[in-house]
Amino acid sequence: GDGKHRIADSTFLLKKYLHEQSIVLLADVSGIGEMKDPAVHNDPKYLSDEYRNAMMAIHIGQSLPSMRTADVLTLISFINDNPATAGLPIHVYASGSTTLPALQAAAVNQHIDKLFTYRSLQSFYDVIDQPLDRKYYSYIIPGILKYYDIPDLEKFLGARLIRN
């Protein structure tokens, strides 16, 4: 949720993965980390540093979470299309604003064996209850509550989901 540089700067974590002989793919999704807009492009009156990304998504007929879900699915395809990594267990770690895209990707892609989420939104109703929160562009999907809420996704994923 804060960008891949936060993980890449953790020598402890990277040494752990090296010791486990794990393959690690660090990626930033749309509007996060290296993909984040410079502050100058987002007027503070819009309550979010994701405003421009969210509006661009809407103008192309998507939402910011759906763009990020597509990013996650693209990464999963990349892993599965590579002969060296195809068929290996895939564990996805997502925090903050990346949890919703990861949840949605895991719901439609069985190649994600485990999904670990940290600091995630509990329900879309939280957005309705506190509409002026600064990070809600990361969660707004027009009309989504007609179909499901976040607890529905979590229930659907069952044991594949590990919440922290």
Side-chain angles (χ1 to χ4, degrees), residues 1-38 41 48-50 52-54 56-124 135-141 144 147-164:
D2 298 326
K4 68 177 183 254
H5 71 281
R6 297 277 302 229
I7 297 168
D9 289 345
S10 172
T11 13
F12 171 77
L13 186 61
L14 292 178
K15 282 182 181 179
K16 174 185 171 267
Y17 289 131
L18 180 62
H19 178 71
E20 294 173 358
Q21 296 186 346
S22 296
I23 297 170
V24 177
L25 173 62
L26 299 175
D28 288 326
V29 294
S30 299
I32 305 275
E34 290 178 1
M35 307 294 286
K36 185 175 182 170
D37 265 348
H41 294 308
S48 175
D49 56 358
E50 297 183 320
R52 191 171 83 131
N53 287 315
M56 292 296 279
I58 288 170
H59 289 307
I60 62 170
Q62 294 188 33
S63 65
L64 191 52
S66 69
M67 286 178 58
R68 290 176 176 166
T69 300
D71 293 343
V72 174
L73 292 171
T74 298
L75 292 167
I76 300 304
S77 291
F78 171 77
I79 292 166
N80 286 322
D81 290 345
N82 184 328
T85 55
L88 293 175
I90 298 174
H91 295 178
V92 174
Y93 295 81
S95 65
S97 59
T98 62
T99 57
L100 177 59
L103 282 166
Q104 293 182 133
V108 299
N109 190 309
Q110 296 299 312
H111 290 106
I112 298 174
D113 297 287
K114 293 282 182 197
L115 170 59
F116 298 83
T117 61
Y118 307 86
R119 298 175 302 151
S120 60
L121 187 70
Q122 303 297 305
S123 168
F124 291 122
K135 279 289 194 180
Y136 281 154
Y137 289 120
S138 292
Y139 302 102
I140 295 172
I141 303 171
I144 195 66
Y147 305 100
Y148 62 86
D149 194 5
I150 293 170
D152 300 319
L153 286 175
E154 294 171 342
K155 184 178 177 183
F156 179 76
L157 292 175
R160 293 173 52 212
L161 174 66
I162 292 97
R163 288 188 70 125
N164 295 306

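Here the structure is a predicted model, which means the values were calculated and not measured.
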Mutual orientation of the aromatic rings belonging to F124 and Y148 [parallel < 30°, tilted 30-60°, perpendicular > 60°]: tilted
Interatomic spacing from CG in L153 to CD1 in I144 - rounded to 0.5 Å: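 Rounded to the nearest 0.5 Å, the CG-CD1 separation comes to 7.5 Å.
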Beyond-backbone contact of L100 with I141, side-chain heavy atoms, under 4.5 angstrom: yes
Heavy-atom closest contact (D149 atom, S123 atom, distance):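 Answer, listing the atom of D149 first, then S123: OD2-OG, 2.6 Å.
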D113 to P89 - nearest heavy-atom pair and separation: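 Answer, listing the atom of D113 first, then P89: OD2-CA, 3.0 Å.
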Side-chain heavy-atom pair I79, L88 within 4.5 angstrom cut-off: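 The answer is no; the side chains never approach within 4.5 Å.
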Residues which pass side-chain hydrogen bond (donor to acceptor under 3.5 Å, both in side chains) with Q110, listed by chain and number, not counting sequence neighbours: R160
4.5 Å side-chain heavy-atom contact, V92 and F116: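 A side-chain contact is absent here, since even the closest heavy-atom pair is not under 4.5 Å.
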Any donor-acceptor N/O pair, T69 side chain to P65 backbone, under 3.5 Å: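 Such a contact is found between T69 side chain and P65 backbone.
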For the student: nearest non-hydrogen atoms of P151 and Q122, plus distance: CD-O, 3.5 Å
K114 side chain to A159 backbone, donor-acceptor under 3.5 Å: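 Yes: the side chain of K114 pairs with the backbone of A159.
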Pairwise distance OG(S30) to CG(L64) - rounded to 0.5 angstrom: 7.0 Å
Stepwise side-chain contact (heavy atoms from CB on, under 4.5 Å) test for Y147 and D152: CA-CA 9 Å; Y147 305 100; D152 300 319; over 6 Å; no
Selection residues 79-91 - residue pairs positive for side chain to side chain donor-acceptor pair (under 3.5 Å), sequence neighbours left out: N80-H111
Option passing side chain to side chain contact (heavy atoms under 4.5 Å, CB included) with T117 (candidates L161, I150, N164): L161
Neighbour count above 12 (heavy atom, 6.0 Å) for F156 CZ: no
Donor-acceptor contact present, side-chain S77 to main-chain L73, <3.5 Å: yes
Side chain proximity check, Y136 to L121, heavy atoms < 4.5 angstrom: yes
Close side-chain approach of I90 to I76, heavy-atom, < 4.5 Å: yes
Side-chain heavy atoms of S138 within contact of R68, under 4.5 Å: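 Counting from C-beta outward, S138 and R68 do come under 4.5 Å.
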Modelled atom types, side-chain donor and acceptor of S95 and R119, under 3.5 Å: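 There is such a pair between these side chains.
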Where S120 and T99 come nearest, the two heavy atoms and their spacing: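 Where S120 meets T99 most closely, the heavy atoms are CB-OG1, 3.2 Å.
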